[in-house]
Each structure stands twice: as C-alpha cells, then as structure tokens.
Number of protein chains: 2
Amino acid sequence: MAANQESLESYYGREIILADRELVESGSDEILKDADTQDIAFLVVGDPFGATTHTDLVLRARELGIKVETIHNASIMNAVGACGLQLYQFGQTISLVFFTDSWKPDSFYNKIMENRKIGLHTLILLDIKVKEQSIENMARGRLIYEPPRYMDIATAASQLIEIEELRQEKAYTENTPCVAISRLGAPTQSFKAGTLKELSEYDSGEPLHTMVMLGRQVHDLELEYLYQFVNDREKFKADVAKDQEFFKPPPYVPPEEDLSD
Amino acid sequence: MAANQESLESYYGREIILADRELVESGSDEILKDADTQDIAFLVVGDPFGATTHTDLVLRARELGIKVETIHNASIMNAVGACGLQLYQFGQTISLVFFTDSWKPDSFYNKIMENRKIGLHTLILLDIKVKEQSIENMARGRLIYEPPRYMDIATAASQLIEIEELRQEKAYTENTPCVAISRLGAPTQSFKAGTLKELSEYDSGEPLHTMVMLGRQVHDLELEYLYQFVNDREKFKADVAKDQEFFKPPPYVPPEEDLSD
C-alpha cells in the first residue's frame, strides 16, 4: 500500500510505466505491443479481475494469441471482511460517485434496496478522481489536471442521506448502521461503525476509504466484532435492532386448519 | 497452491503446526498460548476473514490483549472473477454440502432464489471433508479418519438438480447456465461453462472445485469471456438467453392516465 514507482522498480529490477486510466481503457494495443515475445507484467492494485477493463485486456490478449498468466491478490472485495462482517452475507457491490450540483446519479439506490430486502450487507466503493480535467480545461483542450480527489466517509454518508431524502423509499434511513473502513491493509487502517448520520460527521483522515451498509441479517459474532469500532455499544446495538425492523418478513400467522386443532 | 508443510517450513525458516478443523474451532486457547510475548503467525488458505472461526480467533486474541496484524490474501471470494463474471454482479455466497440418503440440507435454495430474483450470480462453495470419522468409528470412539473427500462439479450439479426437482419452485432449472472452476490459482486451473445438466456429466479432475450459477444480468463482456469455456458457443448463448427469461421484470404497462392522453 505504501509502495511508489521507484520502490517497485527497485524491487522488481525492471522499468515500470505508470498506466493511467486513459492508457488502460484505450491503450490496450500499446500495453499488449510485443507482449507475445516479451514477458510483460500488468500490475494492478487489488485483484486483476476487479475491473471490467482488465477482463477486457485479457480477452484482447487472447485474441492476439498472447499467453496470459494471472497472479491473484487480495482485493477490497474480500479484504472488507476485516471489519468483521461475514463475506457470504454481502449482496451486490455498489459504487458511489462524487455528486455535482446538476449530476447526482442514484442507480445504486435500487441495488441497496435489493440487497437490504433480502437482509444482505452492501459494500460501497467510493469515487476516486485522478488525472481529471476541469470542464473548462477539457473544453479548451488544455491538458491541465485537477488535484486527485478521493471520496471520504463523511461525503459518502452525506450523499447517501441526500438520495434517501430525495427518493424517500426507505431503502435505508439516516439511522441505518454502517461501517467506515479507511486505509485497509495499511499500517494506519481504521474502522468506525455508526449510523449514516453519525458517519456524515466523521473525520476519516487520509484515503482510501470504503463503506459497508449493514443488512438485516447481523449475526452475534458480527455485532461483537463491530463493537470494537463504536463510541457507544448500547446505542449501536439499539440502532442495529431498530434498523432490522426494515424489510423484516411479516410475523408467522398459522393457517386456519391449525387453529381448529 | 502446491506448497506442503515441509516446503513452507523451509520457506519461513520456522516450525509449522498443522492446524486441523478441531484445533481451529475448539483450540483457540492453545493457538493463542504465549502469543502475547511471542510472534505467532496463523496461516490460512485464502483470506483470513473468509471463515467465521478466524474472526472469532481475532476477537479472542483482542480480549486477551494480544496484538493482531492481518495480511490479506486472494480468496475464492474475489479470485472467482477469473471466470470473467464481474464481482459486483454477485449476490450472497452459498455452500453446498455432501448429501447423504437421509440428509439433504437445502437452505441454499432460497438464497439462490433471492440472488436470481434480482439478477445476480451466485458463488457456490463445495464441501470438503478432511479428517472426518465414519459414524461407526465415531460411535465407538475410534480415532480412525476417512480419506479426504472434495466435492466435484458433477456431484454439485447433480445435487442442485435434485433439490430443484424436490422443490420445483424454479429458482433455477437443469438448463440454467453455470461455470465450473477447478484448481483456481494452480497451473492446471480450468474453467467450463455449460448448463447444470451438462455439468452434471463433466469430469472436473483433481480438486478443488467451485461453481458459479449465472444470474439474469449477464453483460456482453461477461458472455464474451465465457465463450472461451464452452463447447458450443451458439448453444450457450441460447441457453443464457432462455434462462434470462426467469425473474425478468414484467413488461411495462403504462398507467391508465397515460393511455387517456
């Protein structure tokens, strides 16, 4: 997590070309050039199959008859288990992008609803903006890039609350318990559990950050683990219990035949 | 994947104690003994947080004031992306255990139904029986263990079909497309895509095996990737299209107000 280009070059004893988003998404020919005769490694953060563009790159390599060998790695998709929530209790993963005044994409909302309807946790990946141009610079064709931005927990929680206020379909509420995960895998990694509202005021520090929204199915062991990351254990327990009322199956009513016995 | 105790001991330059299921599940005191003063590593296959017992072990360590550092690793939970299906399209993970004549647990069936209702893929983990006693040996208190058993793809597919035949709720059919993944991460890893029925006759070779059942949401890129693993591309494409009819949202019918415009 703490490696830079120089330390990686010295570690591998090889030259490394920094592949930005543009090169990865549109420059597959350049990446695959000579890879049929030379041993070229494409290094990624996390697991290579975590991104559609990487899957696409493998497909193109195979079309060109280039042999591909994959070395798997830990990914946020599984390392998220470090917060104590069990991986088999997660539903589909969603992504949250930076809202602007005029653009607040909320397709994630239905996915959270689907996950929570069946009691599952939702892993929420937060936007990263690296090497982005301002609209003005893009319009004028200036290759000037904005400073990198990484969505923090407070922004993510606020955006989630904003969409719930707009939609009001109760996919979640501002009292829904979530877990904030910061710098996972780094020595300074930290976890914080609380309601969305609490996390909307949480100072999560340096990036990268990820969030998990809890589903109804919270096992005792999961809860026990999360207690390490809360301010007030009793309050968190009550928040979880209250949130579990959402999407709860209706209580069992015996059929009439049983009643007549 | 190919390491054994000896090669690991020579690699780490440390003695390794083989921790069987019993030791991990009931012997946490033994594992944590002296770990407050000595540097003890608990090695696992996959990611440490993939199993509830490991989470429990971390909790016990913290209760005893033992500092724990986690080194994350690739896990089947994310490396499954190697089959070309996108990780963010997976629902909850299920486990399939070896059926006996009198014991055919099918709680997985409802979970597959839940995943497929919202269009998601399902990762299916297959049973592993290591160091198990026969009922007779257990009853007589003989510490004789059966040879290890690893569920193969044909058995898994057959058991899935068997439960669908019993339940008949159409969570899936014998024509539902699945992907068989064998020895993932090893040099001999292999993939096979086909219907459940086709996979029930598939010889998947040496363990370990995993399966994925497809959901309705299959992207073109995913399909393109899976074509590498099928016998008959056109048939597979048709099978996927046919299976996508299940759980399809009903066609849009405009409300009456709209009709009167």
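The basis for the numbers below is simple: all heavy atoms, side chains too, and nothing from hydrogens, waters or symmetry mates. Proteins get letters first, then strands, A, B, ... in listed order; numbering begins at 1 in each.
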Novice: Sort A:L87 into side chain, backbone, both or neither according to what part of it lies under 4.5 angstrom from a heavy atom of chain B.
Specialist: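 Contact with chain B involves both backbone and side-chain atoms of A:L87.
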Novice: Go through B:L59, B:V58, B:N115, B:D47 and name the one with the most non-hydrogen pairs under 4.5 angstrom from chain A.
Specialist: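 The residue among B:L59, B:V58, B:N115, B:D47 with the greatest pair count is B:L59.
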Novice: Which pairs would a plain distance check flag for residues 213-221 of chain B, meaning a side-chain donor or acceptor within less than 3.5 Å of a matching protein atom at least two apart in sequence or in another chain?
Specialist:
from, atom 1, to, atom 2, distance (Å)
B:R216, NH1, B:F247, O, 2.8
B:Q217, NE2, B:I118, O, 3.0
B:H219, NE2, B:Q89, NE2, 3.4

Novice: Taking atom CD as the centre, does A:Q189 end up with more than 12 heavy-atom neighbours from other residues, nucleotides or ligands that are less than 6.0 angstrom away?
Specialist: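 Check passes, neighbour count above 12.
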Novice: Please identify each residue that fulfils ring-ring contact (aromatic ring centres under 6.0 Å, His included) with A:Y109, with sequence neighbours left out.
Specialist: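 Only A:Y172 meet the ring-ring contact (aromatic ring centres under 6.0 Å, His included) criterion with A:Y109.
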Novice: Checking an interface table here. Which of residues 70-82 of chain B come within a heavy-atom distance under 4.5 Å of chain A?
Specialist: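 From residues 70-82 of chain B, the residues near chain A are B:H72, B:N73, B:A74, B:S75, B:M77, B:N78, B:A79, B:G81, B:A82.
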Novice: So does A:E245 have more than 12 non-hydrogen atoms from other groups sitting under 6.0 Å from CD?
Specialist: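 Atom CD in A:E245 is crowded, with more than 12 foreign heavy atoms closer than 6.0 Å.
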Novice: Could you list which of residues 227-236 of chain B have a heavy atom closer than 4.5 Å to any heavy atom of chain A, in residue-number order?
Specialist: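 Within residues 227-236 of chain B, near chain A: B:Q228, B:F229.
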Novice: Between CD of A:E63 and CD of B:E224, what distance do you get to the nearest 0.5 Å?
Specialist: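 Result: 7.0 Å between the selected atoms.
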Novice: Does B:K117, at its NZ atom, have more than 12 non-hydrogen atoms belonging to other residues, nucleotides or ligands within less than 6.0 Å?
Specialist: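 Atom NZ in B:K117 is not crowded, with 12 or fewer foreign heavy atoms closer than 6.0 Å.
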Novice: For B:R21, does the CZ atom sit with more than 12 other heavy atoms under 6.0 Å from it, leaving out its own atoms?
Specialist: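 It does not: B:R21 CZ has 12 such atoms or fewer within range.
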Novice: Between OG1 of A:T55 and CD of B:Q86, what distance do you get to the nearest 0.5 Å?
Specialist: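 It is 4.0 Å, given to the nearest 0.5 Å.
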Novice: So for A:Y225, is it side chain, backbone, both, or neither that comes closer than 4.5 Å to the heavy atoms of chain B?
Specialist: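 Interface part for A:Y225: both.
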